[in-house]
Amino acid sequence: MSAAPIRRRRITLALAAAALALPLTAGCGALDKALDCVKTADAIAGSVNDLQQAVSNAGDNPLKIDETLNDIDNKLDTLGDQTDNADLSKAVDDLGKGVDNVRTSVKNGETAPDLTPITDAASEIGKICTP
C-alpha cells in the first residue's frame, strides 16, 4: 500500500477521533466547536482524497484536477462560513492557501505538486479539534 492512502487514512482517523471525543469533555461552547470540527474533518478527508486522486490521474484527465480544486475551494468557502471558531477558521484558510499553491503548481506544468501544505493544515485542524 502506498504512503498516500495510509497518510490520508491517518489524517481522517485522527480528525474523526478528535471530533468525536470533544463532546464528551465539555459544555455548549465545546459542543459547537465539536460540530464545526466534525463538519470540517469530514469535508477535509474527502477533499484530501479527491485532490490526491485528481493529482494521480492528472495525466489521464488534466481538466479533472482543476474541477477538483474548484470543488475543494467551494467546500472550504462553505466551511469558513459555518464556523465561528477563529483557530478553525485559520486552519481552513491555510488549507485554502495550500489548494491555491497546488493550483499554481499545476498551471505551471508540475505533474507532482507538493501536497504538504494541505496535509499540514489537516494536521493543524486535528490539533485544534483535540480536547
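FYI, side chains are in, hydrogens and waters are out, and symmetry mates aren't considered; it's all heavy atoms of this structure.
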**Complete:** Only one of N74, V102, D100, D50 passes side-chain contact (heavy atoms from CB on, under 4.5 Å) with L69, and that residue is V102

**Prompt:** What residues form a side chain to side chain donor-acceptor pair (under 3.5 Å) with D120, not counting sequence neighbours?
**Reply:** none

**Item:** Option from D93, D94, D87 for which salt bridge (Lys or Arg N to Asp or Glu O under 4.0 Å) with K90 holds
**Value:** D94

**Set of side chain to side chain donor-acceptor pair (under 3.5 Å) partners for D73, sequence neighbours left out** = R103

**Complete:** Partner of P113 under side-chain contact (heavy atoms from CB on, under 4.5 Å), picked from V55, T104, L51, N108, is V55

**Fill in**
In terms of heavy-atom contacts, A54 and T68 come closest through CB-OG1, 3.5 Å

**Complete:** Taken to the nearest 0.5 Å, the spacing of N70 CG from I65 CD1 works out to 11.0 Å

**Request:** Please report the C-alpha distance between N101 and D114 in whole Å, then the side-chain angles of each, then the deciding distance to 0.1 Å, and finally whether the side chain to side chain contact (heavy atoms under 4.5 Å, CB included) criterion is met.
**Result:** CA-CA 8 Å; N101 290 340; D114 182 15; over 6 Å; no

**Asked** Residues two or more places apart in sequence or in another chain: which of them pass side chain to side chain donor-acceptor pair (under 3.5 Å) with K97?
**Response** none

